[in-house]
S.K.: 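Below are the structure tokens for one structure; questions will follow.
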Amino acid sequence: MLLELEKLKYRIIGVLKGDKYRYSQPVQGDFNDLQPGEFDWWKYKYYIRQIEQAEKGKHIEEFFAKQNLDFSLPEGFVAKGTFKMTAGGDLLSGDQITTETTKHLWDDIAHFYFENTDRVYANLETPIAASQPVKNAPRSVNETPQLNGTEGMLDRYLNNGRGINFFSTANNHCFNQGEKGLIETLELLDKKGALQVGTARTSEEQDNIPIIEKNGLRIAYIAYTFTLNGDKVPEGKEYMVNHVHLNNPNEDLTLIKRHVAIAREGKADMVIAFLHWSLEFESYPIENIIKMGHRILEECGVDIIIGNHAHVIQPLEGYNFTDPFSGEKKSGLIAYSLGNLVADFNTDNSLLSILLRIQMTKGTLNGLEKTVISGLEVLPFYTFKECRDGVFKEIRLLDFLNLLEQLQKGVTPYAFTKEQIKELYRLKKLFYKLMPNSIEQVVQTKHRLSKK
């Protein structure tokens with residue numbers, strides 16, 4: 001009853017706000033420092049309606065629609081080696097996310113996420129501290145979640161050594177279980193043989209930038225979060241979390257520049273940054289975030305940005321820039337948000353997410369050695385949750401375009417209601433709206449679904 005009254009309140013607020021609540025707003029969204037009205041805005045997006053229209057008057061939707069994401073090798077390029085990486089979004093703990101309900105979690109997307117790749121990435125947005133009680137999202141959004149996951153679910157993500165093998169750990173929930181919980185999480189990842197970046201036990205570890213070498217390519221990884229949701233890192237131990245106020249367009253980027261310099265000194269051919277940024281439940285990044293993405297490529301020398309935190313998908317951008325270290329002209333990639341990977345969310349747009357497969361190639365062009373992005377694939381997937389006799393039974397991640405093809409043929413492989421099927425087609429329209437006009441270049445080519 002209280003929840004229904006809360007929702008009614010925000011429906012009324014939405015009506016009163018009118019046009020303002022139909023578009024993204026230029027706020028920072030940092031729970032450490034919410035400005036007047038920001039929390040009402042957040043709850044409206046959570047309870048009532050996710051925002052699918054970009055900041056008014058900024059022409060952001062047109063900007064992304066014109067993106068060309070064809071990363072074909074330039075003419076005359078002589079390839080010597082390639083490196084492939086697949087990337088997924090946020091991994092959160094939740095009451096329904098257990099080893100019992102996720103036995104078939106990966107069945108439909110493993111072919112894309114786990115196969116034909118050299119590195120599998122996701123954002124681990126929960127501590128895993130065995131000394132603390134397991135905690136999931138609170139029953140009311142008026143409480144800030146203090147998450148804590150389980151080793152069993154980490155094993156599900158690792159998938160017997162055939163699943164995720166690289167995590168970013170800098171995010172707004174990483175310090176939910178304090179210093180002890182953060183250290184326990186890192187120790188567990190070490191024990192399991194999984195690499196991570198973004199949090200650290202010592203200042204030396206913070207600057208120990210992971211560089212993975214394969215087929216002659218050296219790929220470096222860095223990660224940062226724009227907020228800690230009010231959690232406090234002990235004074236003098238700021239190295240424990242790479243905390244940079246990314247949603248502030250004027251933020252000092254010294255830490256990122258330092259880490260990229262370390263990576264380049266380590267002979268990294270490419271630097272990939274995992275950024276916890278942007279605004280939750282909004283389909284487009286605001287102008288401030290777009291400018292920050294450009295700054296991180298132009299000023300810091302990052303080649304690829306993989307964004308998370310928004311819990312919904314946001315567009316992709318190909319961005320040409322001049323590398324501040326070498327002076328070389330480059331074509332970079334910014335993925336503003338992949339959405340959730342595994343999460344206990346019921347907001348409509350949060351059920352649709354994407355996976356990326358990015359190929360990088362090292363070789364020579366006109367006699368000069370270069371490493372370039374040489375391929376990009378996108379797989380949209382849908383989070384399907386089954387409830388039988390009032391009891392939650394299963395969560396599966398379904399290949400979204402395969403699912404739609406089956407529905408178009410009159411086949412309903414899962415127990416969807418008519419309303420759910422209607423919602424799937426609405427999400428299809430949203431997906432094609434967010435992908436650029438060059439959609440066929442980035443969606444798996446076996447799919448030729450109508451955009452209508």
Side-chain angles (χ1 to χ4, degrees), residues 29-33 87-94 97 121-138 143-151 153-154 157-158 164 166-192 194-203 205-210 221-247 255-256 259 272-278 280 306-311 337-338 340-344:
D30 190 336
F31 274 72
N32 292 329
D33 185 28
D90 297 322
L91 298 167
L92 295 105
S93 57
I97 302 169
Y121 157 78
N123 172 53
L124 185 61
E125 196 167 350
T126 177
I128 304 175
S131 68
Q132 305 298 319
V134 174
K135 292 184 179 181
N136 299 311
E143 306 171 40
T144 302
Q146 295 293 307
L147 303 182
N148 189 26
T150 67
E151 183 174 346
M153 280 309 301
L154 177 61
Y157 302 146
L158 299 175
I164 303 168
F166 197 104
F167 298 93
S168 57
T169 53
N171 50 67
N172 56 320
H173 291 290
C174 67
F175 223 73
N176 278 178
Q177 300 305 315
E179 179 179 356
K180 183 178 180 181
L182 185 147
I183 291 173
E184 283 186 51
T185 303
L186 297 182
E187 289 176 345
L188 180 61
L189 292 175
D190 287 347
K191 173 186 170 184
K192 300 288 184 178
L195 296 178
Q196 70 82 30
V197 67
T199 59
R201 287 156 283 202
T202 65
S203 57
E205 188 174 36
Q206 183 189 36
D207 287 342
N208 185 18
I209 305 303
Y221 298 92
I222 55 180
Y224 309 87
T225 180
F226 84 103
T227 182
L228 291 172
N229 277 11
D231 292 335
K232 302 297 183 183
V233 177
E235 187 175 349
K237 295 186 177 181
E238 289 78 13
Y239 56 78
M240 296 192 76
V241 183
N242 290 343
H243 186 191
V244 179
H245 297 285
L246 299 163
N247 286 11
L255 181 61
I256 302 178
H259 286 165
I272 299 175
F274 306 122
L275 303 184
H276 210 71
W277 66 348
S278 202
E280 292 174 298
I306 306 294
N308 42 61
H309 176 67
H311 302 305
S337 172
L338 307 187
N340 293 328
L341 181 50
V342 181
D344 187 3

S.K.: Might you point out which heavy atoms bring Gly198 and Ala170 nearest each other, and give the distance in Å?
M.R.: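 Result for this residue pair: O-CB, 3.5 Å.
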S.K.: Strictly distance-based, threshold 3.5 Å: is any side-chain N or O of Asn247 a donor or acceptor partner for the main-chain N or O of Gly29?
M.R.: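 The answer is no, because no donor-acceptor pair under 3.5 Å joins these two groups.
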S.K.: Give, for atom CG of Asn308 and atom CG of Leu275, the distance between the pair rounded to the nearest 0.5 Å.
M.R.: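 The CG atom of Asn308 sits 7.5 Å away from the CG atom of Leu275.
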S.K.: Let me see the working for Asn176 and Asp231 under side chain to side chain donor-acceptor pair (under 3.5 Å), right down to the final yes or no.
M.R.: CA-CA 7 Å; Asn176 278 178; Asp231 292 335; 2.8 Å; yes
S.K.: List the residues meeting side chain to side chain contact (heavy atoms under 4.5 Å, CB included) with Ser337, not counting sequence neighbours, and say none if there are none.
M.R.: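 Scan of Ser337 (side chain to side chain contact (heavy atoms under 4.5 Å, CB included), adjacent residues dropped) gives Ala310, Gln314.
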S.K.: Evaluate the criterion side chain to side chain contact (heavy atoms under 4.5 Å, CB included) for residue pair Met153 and Thr126; output intermediate values, then yes/no.
M.R.: CA-CA 11 Å; Met153 280 309 301; Thr126 177; over 6 Å; no
S.K.: Please step through side chain to side chain contact (heavy atoms under 4.5 Å, CB included) for the pair Tyr157 and Val342, ending with a clear verdict.
M.R.: CA-CA 9 Å; Tyr157 302 146; Val342 181; 3.9 Å; yes
S.K.: Is Asn340 reaching over with its side chain to a backbone N or O of Asp90, donor-acceptor style, under 3.5 angstrom?
M.R.: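 Checking the backbone N and O of Asp90 against the side chain of Asn340, no donor-acceptor pair under 3.5 Å is found.
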S.K.: Considering non-hydrogen atoms only, spot the tightest contact between Ser168 and Ala223 and give its length.
M.R.: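 In this case the closest contact between Ser168 and Ala223 is CB-CB, 4.0 Å.
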S.K.: What closest approach, in Å, do Pro210 and Val197 show between heavy atoms, and which atom pair accounts for it?
M.R.: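 Answer, listing the atom of Pro210 first, then Val197: CD-CG2, 3.8 Å.
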S.K.: Does some side-chain heavy atom of Leu154 sit less than 4.5 Å from a side-chain heavy atom of Phe167?
M.R.: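 Side chain of Phe167 against side chain of Leu154, heavy atoms only: contact under 4.5 Å found.
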S.K.: Could you state the interatomic distance from CG (Asn229) to NE2 (His173), rounded to the nearest 0.5 Å?
M.R.: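 Between atom CG of Asn229 and atom NE2 of His173 there are 5.5 Å.
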S.K.: Taking only residues two or more places apart in sequence or in another chain, which ones pass side chain to side chain contact (heavy atoms under 4.5 Å, CB included) with Asp190?
M.R.: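 Expected list: Arg201.
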S.K.: Which distance, rounded to the nearest 0.5 Å, do you find between the CD1 of Ile128 and the CG of Leu186?
M.R.: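 Ile128 atom CD1 to Leu186 atom CG measures 10.5 Å (nearest 0.5 Å).
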S.K.: Please check if the side chain of Asp30 supplies one atom and the backbone of Thr227 the other of a donor-acceptor pair under 3.5 Å.
M.R.: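 It does not hold such a pair.
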S.K.: Quick one: NE2 on His259 to CG on Asn208, what's the gap to the nearest 0.5 Å?
M.R.: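 Rounded to the nearest 0.5 Å, the NE2-CG separation comes to 10.0 Å.
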S.K.: Any donor-acceptor pair under 3.5 Å linking the side chain of Asn32 with the backbone of Gly230?
M.R.: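 Yes: the side chain of Asn32 pairs with the backbone of Gly230.
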S.K.: With a 4.5 Å cut-off on side-chain heavy atoms, are Gln177 and Leu182 touching?
M.R.: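 No. Closest side-chain heavy atoms not under 4.5 Å.
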S.K.: Okay, side chain of Asn148, backbone of Pro133: is any donor-acceptor separation there less than 3.5 Å?
M.R.: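 The answer is yes, because a donor-acceptor pair under 3.5 Å joins these two groups.
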S.K.: Provide the closest heavy-atom pair for Glu238 versus Glu235 in the form atom of the first, atom of the second, distance.
M.R.: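 Heavy-atom minimum between the residues: OE2-CA, 3.7 Å.
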S.K.: Can you confirm whether Met240 sits close enough to Glu179 that some side-chain heavy atom of one is under 4.5 Å from a side-chain heavy atom of the other?
M.R.: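 SC-SC contact between Met240 and Glu179 confirmed.
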S.K.: If every non-hydrogen atom of Phe226 is compared with every non-hydrogen atom of Leu246, which pair is closest and at what distance?
M.R.: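 Residues Phe226 and Leu246, closest heavy atoms: CB-N, 3.5 Å.
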S.K.: Quick one: are Ile164 and Leu91 in side-chain contact, heavy atoms under 4.5 Å?
M.R.: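 Yes - at least one pair of side-chain heavy atoms lies under 4.5 Å apart.
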S.K.: Quickly, which of Leu158, Leu124, Leu195, Thr199 forms a side chain to side chain contact (heavy atoms under 4.5 Å, CB included) with Leu189? Name it, please.
M.R.: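 That would be Leu124; it is the only one of Leu158, Leu124, Leu195, Thr199 passing the side chain to side chain contact (heavy atoms under 4.5 Å, CB included) with Leu189.
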S.K.: Is the closest side-chain heavy-atom distance between His243 and Leu228 below 4.5 Å?
M.R.: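 A side-chain contact under 4.5 Å exists here.
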S.K.: Any non-hydrogen side-chain atom of Val233 less than 4.5 Å from a side-chain atom of Tyr239?
M.R.: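 When only atoms from C-beta onward are counted, Tyr239 and Val233 do not touch, as no gap falls below 4.5 Å.
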S.K.: First locate atom CD of Gln196, then atom OG1 of Thr169, and finally report the distance between them rounded to the nearest 0.5 Å.
M.R.: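 If I round to the nearest 0.5 Å, the distance is 3.5 Å.
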S.K.: Applying side chain to side chain donor-acceptor pair (under 3.5 Å) to Asn171 and Asn123, what does each step give before you reach the verdict?
M.R.: CA-CA 8 Å; Asn171 50 67; Asn123 172 53; 3.2 Å; yes
S.K.: For the residue pair Tyr221 and Phe274, categorise the inter-ring angle as parallel (less than 30°), tilted (30 to 60°) or perpendicular (more than 60°).
M.R.: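 Plane angle under 30°, so parallel.
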S.K.: Are Phe175 and Val241 close enough, and set up right, to give a side chain to side chain contact (heavy atoms under 4.5 Å, CB included), and what steps lead you there?
M.R.: CA-CA 8 Å; Phe175 223 73; Val241 183; 3.9 Å; yes
S.K.: Mind listing the closest non-hydrogen atom pair of Leu92 and Ala343 along with its distance?
M.R.: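 Where Leu92 meets Ala343 most closely, the heavy atoms are CD1-CB, 3.7 Å.
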S.K.: Main chain of Ala130, side chain of Glu184: is a donor-acceptor contact present, judged purely on distance under 3.5 Å?
M.R.: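 Yes, the answer is positive, given that a donor and an acceptor are paired below the 3.5 Å cut-off.
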S.K.: Find out whether His276 and Glu125 are in side-chain contact, i.e. whether some heavy atom of one side chain is under 4.5 Å from a heavy atom of the other.
M.R.: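 Side-chain contact under 4.5 Å: yes.
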S.K.: Any side-chain heavy atom of Tyr224 sitting closer than 4.5 Å to one from Leu255?
M.R.: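 SC-SC contact between Tyr224 and Leu255 confirmed.
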S.K.: For the NE2 atom of His245 and the OG1 atom of Thr225, what is their distance to the nearest 0.5 Å?
M.R.: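 Answer for the NE2-OG1 pair, His245 versus Thr225, is 10.0 Å.
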